Undergrad: 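First, the structure itself, so that you have it in front of you.
On a predicted model such as this, the values are computed, not experimentally measured, just so you know. First listed ligand is number 1; within each ligand, the first listed atom is number 1.
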Amino acid sequence: MRAQQRSRRVHVVGAGLAGLAASLRLAEAGVAVVLHEAARQAGGRCRSYDDATLGCRIDNGNHLLIAGNRAAMAYLRAIGAADTLIGPPEPAYPFLDLATGERWVVRPNLGRVPWWLLDAARRVPGTRALDYLRALRLATAGADDTVADALDPTATIFRRLWQPLAVAALNTEVERGAAVLLARVLRESFGAGGAACRPLVPRDGLSESLVDPALARLASLGVELRWGSRLRGVDVVDDRVTTLAFDGGQEMLAPGEAIVLAVTAPVAARLVPGLGAPDEFRAIVNAHYRLAASAASPLFVGLVGGAAEWVFRKREVLSVTISAGDRFIDTPADELAALLWRDVVRAYDLGDLALPPWQIVKERRATFAATPAQLRRRPPAATRWTNLALAGDWTETGLPATIEGAIRSGFAAAAHLLRA
Ligand SMILES: Cc1cc2nc3c(=O)[nH]c(=O)nc-3n(C[C@H](O)[C@H](O)[C@H](O)COP(=O)(O)OP(=O)(O)OC[C@H]3O[C@@H](n4cnc5c(N)ncnc54)[C@H](O)[C@@H]3O)c2cc1C
């Protein structure tokens with residue numbers, strides 16, 4: 001079987017997590033893979049880099065995984081990087097309400113029976129067990145319902161838990177975000193038991209966990225990597241893709257050869273005529289502050305009622321995330337740095353510490369907008385061309401645009417081609 005697969009060749013275009021995952025699965029099955037990446041580095045929207053202003057290495061954005069991200073965990077095991085993630089031994093989500101100064105930690109128990117709901121010390125202050133069970137309404141939400149339609153936006157639990165989680169997971173405001181997508185996220189986290197909710201972050205950086213070990217594994221499997229190889233056009237004849245036009249030259253696809261297109265939605269829509277793909281996006285704004293906070297402080301804190309939404313403690317920086325952050329896209333960076341620093345200081349009890357060196361990173365099109373209308377535009381991995389499969393967090397994964405979704409999409413594209 002492996003020898004037979006070797007005679008086939010697949011071009012994977014895009015070395016983000018979707019393309020890396022597809023390449024991994026194909027190469028493990030013995031397929032000859034050529035991985036093309038337009039940039040000079042892999043990882044796409046999930047990577048680390050040296051920031052000259054801060055004088056240290058940072059992640060392009062804060063990424064949180066949970067232990068229940070089964071495709072991401074399988075991927076990490078396959079590239080030998082499962083031990084590069086860190087997190088508390090039991091699920092724990094620390095919050096601070098900036099309006100009242102109250103702090104709490106949401107602490108689901110590890111097992112499947114959610115007895116933690118009966119323990120006020122593990123819940124959000126001001127909520128009862130019944131409030132959590134009301135989220136079961138999401139399971140019967142209609143395709144057009146938004147998060148704010150399906151849940152009660154006036155409830156304390158909404159402001160202090162569902163809204164922060166929904167905005168972070170969907171990268172879309174609750175008034176527009178699709179309830180069915182949040183239902184899926186909660187089913188795979190809280191619904192799968194506390195062990196699945198355990199938060200995990202990279203110990204060193206996104207690239208050190210998710211990208212560099214993957215490149216090493218792909219190299220050991222004989223995958224050929226082509227940097228600066230931007231796909232410009234695709235020729236199709238009948239039901240097949242026949243030619244790929246890259247910056248560096250053309251590739252003719254012999255019978256049996258195939259392509260996984262693992263680029264972003266706008267690029268895929270430009271390259272493939274008639275392809276339906278999400279076309280509305282949301283920004284993510286990140287602020288990085290050069291400060292090594294105490295190792296005894298939490299790995300992250302969720303903020304209610306602030307401009308900053310989540311603050312992450314990294315080795316050399318404290319780092320803020322604002323999801324669906326389009327309202328801040330035009331705010332001058334120095335204003336934003338000062339505004340968010342006020343929330344960071346409170347989150348990590350830094351007293352009157354002066355603003356340290358900072359960096360603001362605005363990802364204008366961080367993910368597609370997870371609205372009901374945009375969900376209908378997500379295509380599956382299989383296309384009407386027999387040798388073209390799609391991958392990317394924007395394809396129909398059933399999940400929001402996340403690491404888990406991107407990796408699942410890569411696995412799905414590879415599985416489709418291996419079946420074909
Ligand atoms: C700031 C930020 C914070 C986030 N936080 C989280 C989080 O907390 N948890 C989580 O799970 N997810 C998070 N995400 C989402 C996650 O990063 C993405 O879902 C995931 O990285 C998408 O991977 P991808 O492979 O689908 O796409 P991409 O990473 O965009 O990869 C596409 C690749 O294709 C390449 N490419 C484009 N055009 C061409 C071409 N013509 N030819 C060749 N190559 C091309 C690009 O250079 C890129 O490398 C966050 C995203 C951002 C931006």
Undergrad: Distance under 4.0 Å to a non-hydrogen atom of Ser229: what atoms of ligand 1 satisfy this?
TA: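 Numbered from 1, ligand 1 contributes 42 (N), 43 (C).
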
Undergrad: Taking both backbone and side-chain atoms of Leu17, is any N or O found less than 3.5 Å from an N or O belonging to ligand 1?
TA: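 It does: an N or O of Leu17 is found under 3.5 Å from an N or O of ligand 1.
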
Undergrad: Quick check: does Ala18 get an N/O under 3.5 Å from an N/O on ligand 1?
TA: yes

Undergrad: Give a yes or no answer on whether the side chain of Thr395 reaches the backbone of Ala391 with a donor-acceptor pair at less than 3.5 Å.
TA: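 No, because the side chain of Thr395 does not come within donor-acceptor range (under 3.5 Å) of the backbone of Ala391.
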
Undergrad: Going by the closest heavy atom to atom 32 (C) of ligand 1, which one wins out of Pro400, Gly14, Ala262?
TA: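 Considering heavy atoms of Pro400, Gly14, Ala262, the nearest to atom 32 (C) of ligand 1 sits in Ala262.
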
Undergrad: Taking the side chain as everything from C-beta on, heavy atoms only, tell me whether Gln163 gets closer than 4.5 Å to Glu309.
TA: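 A side-chain contact is absent here, since even the closest heavy-atom pair is not under 4.5 Å.
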
Undergrad: Are the aromatic ring centres of Phe368 and Phe281 under 6.0 angstrom apart?
TA: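 Not under 6.0 Å, so no.
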
Undergrad: Any ion pair linking Glu363 and Arg365 (charged N to carboxylate O, less than 4.0 Å)?
TA: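 Glu363 and Arg365: not salt-bridged.
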
Undergrad: How far is atom 2 (C) of ligand 1 from the closest protein heavy atom, and which atom is that?
TA: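 Ranked first by proximity to atom 2 (C) of ligand 1 is Ile284 CD1, 3.5 Å.
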
Undergrad: Give the residue, atom name and distance (to 0.1 Å) of the protein heavy atom nearest atom 22 (C) of ligand 1.
TA: Asp393 OD2, 3.4 Å

Undergrad: Counting non-hydrogen protein atoms only, what is the nearest one to atom 53 (C) of ligand 1? Give residue, atom name and distance.
TA: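 Ranked first by proximity to atom 53 (C) of ligand 1 is Ala366 CB, 3.7 Å.
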
Undergrad: Does Ser409 reach ligand 1, in the sense of a heavy atom lying below 4.0 Å from it?
TA: no

Undergrad: To which of Ala38, Cys46, Ala15 does the heavy atom nearest atom 21 (O) of ligand 1 belong?
TA: Cys46

Undergrad: Among His63, Arg47, Arg40, which residue places a heavy atom closest to atom 16 (C) of ligand 1?
TA: His63

Undergrad: Return the closest protein heavy atom for atom 36 (N) of ligand 1 as residue, atom name and distance.
TA: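 Among all protein heavy atoms, the one nearest atom 36 (N) of ligand 1 is Val263 CG1, 3.9 Å.
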
Undergrad: If the plane angle is over 60° it's perpendicular, under 30° parallel, otherwise tilted; pick one for Phe190 and Trp116.
TA: parallel

Undergrad: Please check whether Asn62 reaches ligand 1 - meaning an N/O of the residue sits under 3.5 Å from an N/O of the ligand, judged on distance alone.
TA: yes

Undergrad: Would one find an N or O of Leu231, backbone or side chain, under 3.5 Å from an N or O of ligand 1?
TA: yes

Undergrad: Below 4.0 Å from any atom of ligand 1, is there a heavy atom belonging to Ala391?
TA: no

Undergrad: Can you find an N/O atom of Thr367 closer than 3.5 Å to an N/O atom of ligand 1?
TA: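 Min N/O separation from ligand 1 is not below 3.5 Å for Thr367.
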
Undergrad: Regarding Arg313 and Ser319, do their side chains bring together a donor and an acceptor under 3.5 Å, going by distance alone?
TA: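 Looking only at side-chain atoms, Ser319 and Arg313 do not form any donor-acceptor pair under 3.5 Å.
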
Undergrad: Going by an N to O cut-off under 4.0 Å, is there a salt bridge joining Lys362 and Asp330?
TA: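 So Lys362 does not pair with Asp330 through a salt bridge.
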
Undergrad: Which of the atoms of ligand 1 are close to Ala401, meaning less than 4.0 Å from one of its heavy atoms?
TA: 15 (C), 19 (O)

Undergrad: Looking at Arg9, is its backbone amide N or carbonyl O close enough to the side chain of His11 to form a donor-acceptor pair, meaning the two atoms are under 3.5 Å apart?
TA: no

Undergrad: What atoms of ligand 1 come closer than 4.0 angstrom to any heavy atom of Asn286?
TA: 1 (C)

Undergrad: Just by distance, do the side chain of Asp326 and the backbone of Arg282 share a donor-acceptor pair under 3.5 Å?
TA: no

Undergrad: Look at Arg57 together with Glu208 and state whether they make a salt bridge at an N to O cut-off of under 4.0 Å.
TA: yes

Undergrad: Identify whether the distance between the nearest side-chain nitrogen and carboxylate oxygen of Arg327 and Glu173 falls below 4.0 Å.
TA: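 No, this pair does not count.
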
Undergrad: Against heavy atoms of Thr264, which atoms of ligand 1 measure under 4.0 Å?
TA: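 Listed by number with element, the hits are 30 (O).
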
Undergrad: Strictly below 4.0 Å, N to O, side chains only: are Arg134 and Asp131 in salt-bridge contact?
TA: yes

Undergrad: With heavy-atom distances below 4.0 Å as the criterion, list the atoms of ligand 1 near Gly44.
TA: 29 (O), 48 (C), 49 (O)

Undergrad: Below 3.5 angstrom, do we get any N/O pair linking Leu64 and ligand 1?
TA: yes

Undergrad: Taking distance alone, with N or O pairs closer than 3.5 Å, would you say Glu37 contacts ligand 1?
TA: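 Yes - when backbone and side-chain N and O of Glu37 are compared with those of ligand 1, one distance drops under 3.5 Å.
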
Undergrad: Relative to the heavy atoms of Val267, which atoms of ligand 1 are at a distance of less than 4.0 Å?
TA: 38 (N), 41 (N)

Undergrad: Hey, are Thr242 and Asp235 close enough side-chain-wise for a donor-acceptor pair under 3.5 Å?
TA: no

Undergrad: Can we say Arg377 and Asp279 salt-bridge, meaning some charged N sits less than 4.0 Å from an Asp/Glu carboxylate O?
TA: yes

Undergrad: Using a 4.0 Å cutoff against the non-hydrogen atoms of Val13, which atoms of ligand 1 qualify?
TA: 42 (N), 43 (C)

Undergrad: Output yes when the distance from some N or O of ligand 1 to some N or O of Ile403 is under 3.5 Å, and no in every other case.
TA: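 Between Ile403 and ligand 1, an N or O pair is found under 3.5 Å apart.
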
Undergrad: Any salt bridge between Asp239 and Arg384, counting N to O under 4.0 Å?
TA: no

Undergrad: Test your reading of the structure: does Ala406 have an N or O sitting under 3.5 Å from an N or O of ligand 1?
TA: no

Undergrad: Would Arg45 count as being in polar contact with ligand 1, using the rule that some N or O on each side must be under 3.5 angstrom apart?
TA: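 There is such a contact, yes.
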
Undergrad: Starting from atom 31 (O) of ligand 1, what is the nearest protein heavy atom, named by residue and atom, and what distance separates them?
TA: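 Heavy-atom neighbour on the protein nearest atom 31 (O) of ligand 1: Gly16 CA, 3.4 Å.
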
Undergrad: For Gly61, counting its heavy atoms only, list the atoms of ligand 1 lying under 4.0 Å from any of them.
TA: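 Here the atoms of ligand 1 in question are 1 (C).
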
Undergrad: Answer yes or no: is there an ion pair linking Glu316 with Arg290, defined by an N-O contact shorter than 4.0 Å?
TA: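 A salt bridge links Glu316 with Arg290.
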
Undergrad: Does Arg376 CZ have over 12 foreign heavy atoms under 6.0 Å away?
TA: yes

Undergrad: Can you tell me which portion of Thr402 lies within the under-4.0 Å heavy-atom range of ligand 1? Options are side chain, backbone, both, or neither.
TA: both

